[in-house]
There are 2 protein chains.
Amino acid sequence: MTTGQDTRAQGGTGRTRGRPRSFDRATALEKALMAFWEHGYEATSVSDLTRVMGIGAPSLYAAFGDKRTLFDEVVRVYAGSHGAFTDRALAEEPTARAGVARMLREAAAEYTDPAHPHGCLIVHAATNCTSPEVETLLRDMRNANITAIEARIRADVAAGLLPAGTDAAALARHTGAMIQGMSQQARDGARREELEALAEIAMTIWPHD
Amino acid sequence: MTTGQDTRAQGGTGRTRGRPRSFDRATALEKALMAFWEHGYEATSVSDLTRVMGIGAPSLYAAFGDKRTLFDEVVRVYAGSHGAFTDRALAEEPTARAGVARMLREAAAEYTDPAHPHGCLIVHAATNCTSPEVETLLRDMRNANITAIEARIRADVAAGLLPAGTDAAALARHTGAMIQGMSQQARDGARREELEALAEIAMTIWPHD
DNA sequence: AGATTTACCTAGCGATCGCTACAGAAAAAC
DNA sequence: GTTTTTCTGTAGCGATCGCTAGGTAAATCT
């Protein structure tokens with residue numbers, strides 16, 4: 001058996017044969033997420049992981065595959081939870097401008113939340129990484145995020161909500177750089193109010209202010 | 001002999017006894033700088049270093065001390081060369097605003113220069129680092145840079161070159177976040193013109209524009 | 001009950017990490 | 001020349017890396 005796939009837990013009543021797992025998979029995954037978030041992919045060793053997850057190495061490999069696969073799942077979970085505020089802001093606000101404003105405001109709060117490591121996992125966890133695949137995985141997510149912002153801005157330009165001459169690409173890249181800069185600032189000890197002031201300032205670059 | 005200090009090379013004519021070094025120390029140091037710049041402190045192994053520097057491990061330890069000491073020296077060299085443009089811009093331009101504008105413009109060029117790794121060594125090389133001292137070393141340099149910008153802005157406010165209500169701390173932090181964001185963008189593949197557009201946009205936040 | 005299936009624990013694999021002991025080689029000092 | 005000093009190359013130290021074989025424990029199935 002070489003596949004580490006976990007096909008159980010399909011609804012609660014679906015029982016399985018064999019000895020049941022002695023730990024909660026989701027809880028252990030969350031612990032792994034926190035460790036990767038705090039120290040990054042390479043600097044988090046498998047023995048670090050087994051310690052914070054409270055399980056042995058064979059259990060980790062049986063439940064999550066290898067370290068790389070576990071990290072992939074962690075990134076997926078992160079993108080759908082702590083990292084989902086950017087997509088939500090773009091989708092739920094009526095204009096690109098309001099979406100970006102909310103995105104930056106929420107980033108200030110999220111990146112300095114004392115309940116978890118500071119900054120953004122997708123920005124930092126694969127920096128200085130020996131594995132090019134892992135580095136590329138997060139880089140692509142960062143660039144995709146900027147592309148999504150650009151598309152949202154373009155839509156507003158097309159709808160006449162923004163001036164026709166608006167440089168959507170530059171505006172989107174600026175937003176991405178601000179997010180990444182705020183994440184770095186949060187890691188370097190900036191407080192929430194300071195990042196909120198940053199977000200406020202950053203919004204003044206938008207057309208007709 | 002436990003001290004790895006190098007007390008030779010005190011002026012060119014000062015000869016020394018014993019077998020002379022078979023490599024140029026400054027050249028080897030520059031190679032180490034490029035390696036650390038590209039892959040960061042931890043991801044650059046000693047065997048990586050000996051390979052790119054073209055010397056054996058004992059020669060490296062004799063000439064530079066241990067890996068950590070070599071990195072310290074690399075950071076010092078970087079700060080005095082590729083990383084000196086920020087201090088130069090603040091010192092040589094007549095106003096804080098002009099200094100920051102030049103700083104961001106030069107960052108766009110420097111961070112995308114094809115002659116060396118992209119982005120800023122001080123921003124990235126100690127991210128996800130097992131050694132807290134190394135991480136702190138670069139973090140302190142980043143924060144000191146922002147403090148220097150803030151001091152330059154304060155001086156202009158005091159001199160009446162900027163409005164009395166100017167929030168120097170927020171303006172300085174914004175500049176720092178932009179620099180760090182631009183460095184990340186450069187690492188993620190942004191081209192020079194794109195970063196220059198970013199710098200242009202970033203300057204529109206300054207008072208009375 | 002016995003058989004089967006799955007998970008856990010101990011122990012350790014080969015590879016790499018940062019680093020160094022040791023002996024030979026190349027220069028100056030005598 | 002011989003001695004002294006310093007550098008270089010080989011070879012390998014102990015520690016940690018990601019990962020797994022093998023035996024035992026705990027559940028279901030017949």
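Keep in mind that this is a model prediction, so the values were computed, not measured.
The distance from atom CE of Met53(A) to atom C1' of dA7(C) is 15 Å, rounded to the nearest whole Å. Following rounding to the nearest Å, Arg51(B) (CZ) and dT16(C) (C1') show an atom-to-atom distance of 13 Å. Remark: P of dG18(C) and CZ of Phe71(B) are 13 Å apart, rounded to the nearest angstrom. In this structure, Leu49(A) places its CG atom 10 Å from P of dC19(D), rounding to the nearest Å. We find that CG of Leu60(B) is positioned 14 Å from P of dC17(C), with the value rounded to whole Å. What separates CZ of Arg21(A) from P of dC9(C) is a distance of 13 Å, to the nearest Å. One can place CD1 of Ile55(B) at 15 Å from C1' of dG18(C), the figure rounded to the nearest angstrom. Spacing between atom OH of Tyr61(B) and atom C1' of dC7(D) amounts to 17 Å, rounded to whole angstrom units.
For His82(B) and Trp37(B), the distance between ring centers is under 6.0 angstrom.
In summary, the side chains of Gln180(B) and Gln180(A) do not present any donor paired with an acceptor at a separation below 3.5 Å, with no hydrogens or angles considered.
For Pro58(B), the listed nucleotide lying nearest its side chain is dT20(C); candidates were dA7(C), dT20(C), dC17(C). Nearest to the side chain of Arg19(A), among dA7(C), dC19(C), dA29(C), sits dA7(C). Nearest to the side chain of Ala57(A), among dA25(C), dC19(D), dC17(D), sits dC19(D).
Considering every non-hydrogen atom in both Arg173(A) and Ala190(B), the closest pair reads NH1-CB, 3.3 Å. Shortest non-hydrogen contact noted between Tyr111(A) and Ala186(A) is O-CB, 3.3 Å. Between Asn128(A) and Ala126(B) the shortest heavy-atom distance is OD1-N, 4.2 Å.
DNA chain D lies under 4.0 Å from at least one heavy atom of each of the following residues of residues 27-46 of chain A: Thr44(A), Ser45(A), Val46(A).
Take the nearest nucleotide of DNA chain D for Phe23(B) and for Gly18(B): the residue whose nucleotide is more 5' is Gly18(B).
We find that Glu92(B) and Arg102(B) are joined by a salt bridge, their nearest charged nitrogen and carboxylate oxygen being less than 4.0 Å apart.
Contact annotation: Ser59(A) side-chain N/O to dC8(C) OP1/OP2 distance is under 4.0 Å. One finds a side-chain N or O of Ser47(B) lying less than 4.0 angstrom from the OP1 or OP2 phosphate oxygen of dC17(C).
Residue pairs satisfying the salt bridge (Lys or Arg N to Asp or Glu O under 4.0 Å) criterion with at least one member in residues 73-87 of chain A, sequence neighbours excluded, are listed as follows: Arg25(A)-Glu73(A).
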